[in-house]
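As structure tokens, the structure follows; a few thoughts come after it.
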Number of protein chains: 2
Amino acid sequence: MARRGKKPGKQRQGRGIRQLPWQDIVNIYPPMEILSSDQLESIHEASLTLLENIGMCVMHEGARVLLAGAGAEVNHATAMVRFDRHMLMEKVALAPSQVTLHARNPAKNFKLGGNHLSFASVGGPAYCTDMDRGRRRGSFAECCDYLRLVQSLDIIHHEGGGPFETIELPAETRHLDLYHAQVRLLDKNWQANALGRERSRDAIRMAGISMGMSTDELAQKPALLAIINTNSPLQLDRPMAEGLIEMSGAGQVVCITPFTLAGAMAPVTLAGALAQQNAEVLAGIALAQAVRPGSPVMYGAFTSNVDMRTGSPAFGTPEYSKAAQASGQLARRYGIPLRSSSVTSANVVDAQSTYESAMSLWAAITGGAHFIMHAAGWLEGGLTASFEKLIVDAEMLQMMSEYLKPIVVTDETLALDAIAEAGAGGHFFGVEHTLSRYQTAFYQPMLAYQQNFENWQEAGSVDTQRRANRIWKQLLKDYQQPPLDPAIDEELSAYVARRKRELQV
Amino acid sequence: MARRGKKPGKQRQGRGIRQLPWQDIVNIYPPMEILSSDQLESIHEASLTLLENIGMCVMHEGARVLLAGAGAEVNHATAMVRFDRHMLMEKVALAPSQVTLHARNPAKNFKLGGNHLSFASVGGPAYCTDMDRGRRRGSFAECCDYLRLVQSLDIIHHEGGGPFETIELPAETRHLDLYHAQVRLLDKNWQANALGRERSRDAIRMAGISMGMSTDELAQKPALLAIINTNSPLQLDRPMAEGLIEMSGAGQVVCITPFTLAGAMAPVTLAGALAQQNAEVLAGIALAQAVRPGSPVMYGAFTSNVDMRTGSPAFGTPEYSKAAQASGQLARRYGIPLRSSSVTSANVVDAQSTYESAMSLWAAITGGAHFIMHAAGWLEGGLTASFEKLIVDAEMLQMMSEYLKPIVVTDETLALDAIAEAGAGGHFFGVEHTLSRYQTAFYQPMLAYQQNFENWQEAGSVDTQRRANRIWKQLLKDYQQPPLDPAIDEELSAYVARRKRELQV
């Protein structure tokens, strides 16, 4: 234990990276409540008033027909849909408060809602970056490497829908290559791209094939999560409406996420931005319930603010943190699982990238979020997926998972006998109570360097970004592709080939 | 507002660094409670049992005499002092729950306790570091520069007792030079060095001179805070006991801070480490109340854990975060203001330094801490004060102060009219509700770069550490020494000269 004088061991080479095992993270701490109950009700009421008086522009006719059938007041000429508050709340009440997302490896199923917390890797950036090759349009091979890393990091429950766009592949069929890679390279849950009907249906079908399930069976055991972004303010466009209808129709999870950027697509005041976010989420949930009563949904909270000098989006701000926690109170009011995110505006994996990510991550988790999207890898306001940031974030997620393990208070852990044994002015290194526990007592970092400056300097003064670079390379070396039934792989290949022919016509 | 296309302005030069104004930070959010009330009581009871059965080794005879007079059971031969739990809690109940710390500029007084939150700069490291000159033993001139920066950063309420040791000055009288510089270069509150009687008395006398107050007047308007570290486990050494007796005797604030490093100086289990921390704090508070009933104290929480591979202290760990929040529950149980810290083991101002600091800062603040020691500048587990970290941390503190400003929910901020004006699918840039508010609506960062990658690259790809380097240099350029009555300065100089003669004999 007391090995202060001992020369530190070198970073392990080729023997795998130490990390926490896959886990069901449970958060039993009471959530932060930064709104009073009166304030919460005022925001709730304001959002209902918005949906009653202004309504939502729903650009997809089929969606409007479904909402009219559910009792909404529809004007097909203007595409505006207005919601009576009682009808709205009845629909919202149909949504389940908890759902299990299934993976092709059942050991990697996880729960959304209740007191469960799960983490997703970054999804959707245009670019990728790493220390060696810089910022660039990433190739499909590089995308596959990123997926391998997401598979390797056990703290990540869900692959976030493709780390970056691979523009070398044709836009019409790119999603097929991605889904195929997600199934092959991961045995954990992955995100569907719900932009339009084709991409959604392909995801549903390929998830079904990968798990040996019919579409009906898949509806009983949802395996897909899709983000449905409203086109704020108060608008749902055609491709997202199509995605919602396909996904909810198939009983898969839709996460309604307005991009309510205060000062641009939402009021400059947080209360107004939250009221608008809430209105858009509730309208989306009502549509999902009109499609298929009881279909699983998530409350997607993404309210942030613009940078006042440039009008650009700013992330990981104090306003973002407050909005994330207030959103938790709103989601709990409706009993809907909450999605939040870990975000930053920074352009490089430096101190800013971390303090902004920490600002959003801490706020989200202490605010009671159930699912953290972009929890690992996000950089540049979501424009870039970083290989090094993936590792830095994974460490932060591991630390949060340890923070959420409650302090155990028993006679053994209160350790009065051990304190008596050490004695006033003594130490605990040699005490049996210490010796029997020290190997597992504390979090062992994957990335942090906890030795002193002299050792650090002697080892080459390697900073955190560079250590992260070494770790992802080691993880790639150690990666083992999870086994997939050859018959399933063959069926997937045939499906992809057929669909490519159809879509490229 | 919508200036996305506009070329970004260059970093201001010579026109001052944008920062938040000096403020009384109020935290009205309900604190995180990670222990159940039963667990809290178990830790409390265990600490009382420790003090009843084992007691505390108090190495200073005068302190033992005071405690015997207060009803403790003293064995002068072994130096052990045992505390009856009723006597102990009666003494603890004498301590005030809130106190104002006075500065020589009364506009910079601040409150400890209640729902007030204050931030202190790093105190006590052996080394200093910056990007230009590297890690080194710092000179007195460099120490003065650091003090000038602490004065310049309005988010810092309290100078933490000298940023680093200046070993070029004689050890016996170094504190006099430091106190003199603290009075001259700062008009805000500063920390005393309470290691022994001489340093404590000099601080009290020089604080009195600087504020034109007698020692009796100073006792009514405390201006000094001193950290009293117990020598864990369960031991109070002579110099710290002397400091406590002098400071509490003069009605100044003592912060009893055990260094309960789980696995080394405290049990390897957090519950035990907290029970021991609590016992040591309560014993220290009882001594302060025996010295002077009603004298102001703080509950100093510093429990962390060792790194299990090396036995070195680890900081900003998940265990640290849990201990900080549990300590908040203990301090609130006794109605004592809580000191926590912002800490990291990192050796350089990189991602690790920030995620560990954020881990401790978020935990402390959401856990209800009143005073964050080492809140800006700490590096290397407290061995080094960093010029760049000072700036990075100041930004994080500013962000936390903004996060603590509650969301305003009124008809105006709910902005239903503005949402109607923008309309479905519209935007808020030109809406009057936005235009009249956008200049002050959101936090404007001091350090974070919120523009896109292309602008960042064009501006030289300057990372956060380098931007922090530029900011502290600009702050030093812009520094203006706060005026000090020449008669007071003369009296201080004479005092320092006389005391140097006395102490160097």
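What you are looking at is a predicted structure, and each value in this text was computed from that prediction instead of being measured. Proteins come first, then strands; the chains are lettered A, B, ... in the order of their sequence lines, and each starts at number 1.
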Discussion item. Under 4.5 Å from any heavy atom of chain B, what part of Q325(A) do you find: side chain, backbone, both or neither?
Written reply: side chain

Discussion item. Are the side chains of F453(B) and T129(A) in contact, using a 4.5 Å heavy-atom criterion?
Written reply: no

Response to the item:
The interface call for T344(B) against chain A, heavy-atom contacts under 4.5 Å, is neither

Worksheet entry | Among A266(A), A346(A), G381(A), A468(A), residue most engaged with chain B (heavy-atom pairs, under 4.5 Å) | A266(A)

Worksheet entry | Top contributor to chain A contacts, counting heavy-atom pairs under 4.5 Å, from A418(B), A351(B), S357(B) | A351(B)

Discussion item. If we define contacts as heavy-atom pairs under 4.5 Å, which of Q439(B), M56(B), Q465(B), E380(B) has the most with chain A?
Written reply: E380(B)

Worksheet entry | 4.5 Å side-chain heavy-atom contact, P30(B) and M32(A) | no

Discussion item. I'd like to verify something: which residue of S47(A), A363(A), S232(A) has the highest number of heavy-atom pairs under 4.5 Å with chain B?
Written reply: A363(A)

Worksheet entry | Interface moiety of I419(A) toward chain B, non-hydrogen atoms closer than 4.5 Å | both

Worksheet item: Relative to chain B, which of V348(A), L234(A), I34(A) shows the most heavy atom pairs under 4.5 Å?
Response: I34(A)

Worksheet, complete the sentence: Among A46(A), A358(A), S36(A), the residue with the most heavy-atom pairs under 4.5 Å to chain B is A46(A)

Response to the item:
So, the part of N452(B) with a heavy atom under 4.5 Å from chain A: the answer is backbone

Item to complete: State the CG-CG distance between D463(B) and D350(A), to the nearest 0.5 angstrom.
Response: 5.5 Å

Item to complete: Output the distance between atom CG (N305(A)) and atom OH (Y438(B)), rounded to the nearest 0.5 Å.
Response: 14.5 Å

Worksheet entry | Toward chain B, the part of I43(A) with a non-hydrogen atom under 4.5 Å | both

Worksheet item: Quick one: OG1 on T366(A) to CH2 on W362(B), what's the gap to the nearest 0.5 Å?
Response: 5.5 Å

Discussion item. Applying salt bridge (charged side-chain N to carboxylate O under 4.0 Å, His left out) as the test, list every pair that has at least one member in residues 403-419 of chain B; sequence neighbours left out.
Written reply: E402(B)-K405(B)

Discussion item. If we define contacts as heavy-atom pairs under 4.5 Å, which of E319(B), M80(B), E33(B) has the most with chain A?
Written reply: E319(B)

Response to the item:
Cut-off 4.5 Å, heavy atoms of chain A, and the answer for L274(B) is side chain

Worksheet, complete the sentence: With chain A, the option among T354(B), L270(B), V349(B) that has the most non-hydrogen atom pairs under 4.5 Å is T354(B)

Worksheet item: So, Y355(A) versus E395(B): side-chain donor-acceptor pair below 3.5 Å or not?
Response: yes

Worksheet item: What pair of heavy atoms forms the shortest contact from T434(B) to G263(A), and how long is it?
Response: CG2-O, 3.9 Å

Item to complete: Measure the shortest side-chain to side-chain distance between T49(B) and L416(A) over non-hydrogen atoms and say whether it is less than 4.5 angstrom.
Response: yes

Discussion item. Once rounded to the nearest 0.5 Å, what's the spacing between atom CD of Q444(B) and atom OG1 of T317(A)?
Written reply: 12.5 Å

Worksheet item: Hey, are R309(A) and Q451(B) close enough side-chain-wise for a donor-acceptor pair under 3.5 Å?
Response: no

Worksheet, complete the sentence: Honestly, the part of A275(A) sitting under 4.5 Å from a heavy atom of chain B is side chain

Worksheet entry | Exercise: do Q457(B) and R135(A) side chains pair donor with acceptor under 3.5 Å | no

Discussion item. Within this structure, what is the CG-NE2 distance for the pair L261(A) and H427(B), rounded to the nearest 0.5 Å?
Written reply: 13.0 Å

Practice prompt. Side chain from CB out, backbone as N, CA, C, O: work out which of these in T410(A) comes under 4.5 Å of a heavy atom of chain B, or both, or neither.
Written response: neither

Discussion item. Heavy-atom cut-off 4.5 Å, strictly under: side chain, backbone, both or neither for T413(B) against chain A?
Written reply: both

Worksheet entry | Part of M59(B) lying under 4.5 Å from any heavy atom of chain A | neither

Worksheet item: Counting N and O atoms only, with roles assigned by atom type, does the side chain of Q352(B) sit under 3.5 Å from a partner on the main chain of Y449(A), one being a donor and the other an acceptor?
Response: yes

Worksheet item: By a 4.5 Å heavy-atom criterion (distance strictly below it), what part of L414(B) contacts chain A: side chain, backbone, both, or neither?
Response: both

Item to complete: Name the member of A441(B), G425(B), A323(B), P31(B) that forms the most heavy-atom pairs with chain A at distances under 4.5 Å.
Response: G425(B)

Practice prompt. Using non-hydrogen atoms and a 4.5 Å limit, figure out which bit of E454(B) sits close to chain A: side chain, backbone, both or neither.
Written response: side chain

Worksheet entry | Minimum side-chain heavy-atom gap F428(A)-P233(B) below 4.5 Å | yes

Discussion item. Does any backbone or side-chain atom of I54(A) lie under 4.5 Å from a heavy atom of chain B? Answer side chain, backbone, both or neither.
Written reply: side chain

Worksheet item: Of all heavy-atom pairs between F429(B) and A264(A), which one has the smallest distance, and what is that distance?
Response: CZ-CB, 3.5 Å

Discussion item. Using every non-hydrogen atom in the two residues, find where V268(B) and H433(A) come nearest and quote the distance to one decimal.
Written reply: CG1-O, 3.6 Å

Practice prompt. Work out which heavy atom in D307(B) is nearest to a heavy atom in Q450(A); give both atom names and the distance.
Written response: OD1-OE1, 2.9 Å

Item to complete: Could you pull out the closest heavy-atom pair between A415(A) and G272(B), with the gap in Å?
Response: CB-CA, 4.3 Å

Worksheet item: Non-hydrogen atoms of chain A under 4.5 Å away: do they reach the side chain of Y29(B), the backbone, both or neither?
Response: side chain

Worksheet entry | Heavy-atom pairs under 4.5 Å with chain B, option from S345(A), P445(A), S461(A) with the top count | S345(A)

Worksheet entry | Residue part contacting chain B, namely of Q39(A), when any heavy atom lies under 4.5 Å | both

Worksheet item: Who are the salt bridge (charged side-chain N to carboxylate O under 4.0 Å, His left out) partners of E41(A), not counting sequence neighbours?
Response: R333(A)

Response to the item:
Interface check, chain B: of N347(A), L404(A), L383(A), most non-hydrogen pairs under 4.5 Å belong to N347(A)

Worksheet entry | chain B contact via M265(A) - which portion, at a heavy-atom distance below 4.5 Å | backbone

Worksheet item: So which part of A326(B) gets closer than 4.5 Å to some heavy atom of chain A, the side chain, the backbone, both or neither?
Response: side chain

Worksheet item: At their closest point, which heavy atom of S321(A) faces which heavy atom of Y403(B), and how far apart are they?
Response: CB-CD1, 3.9 Å

Fill in: Contacting moiety of S353(A), where chain B heavy atoms sit under 4.5 Å
neither

Item to complete: Measure the CG-CD1 distance between L40(A) and I407(B) for me, rounded to the nearest 0.5 Å.
Response: 10.5 Å

Fill in: 4.5 Å side-chain heavy-atom contact, M399(B) and M359(A)
yes

Worksheet entry | Interface moiety of M400(A) toward chain B, non-hydrogen atoms closer than 4.5 Å | both

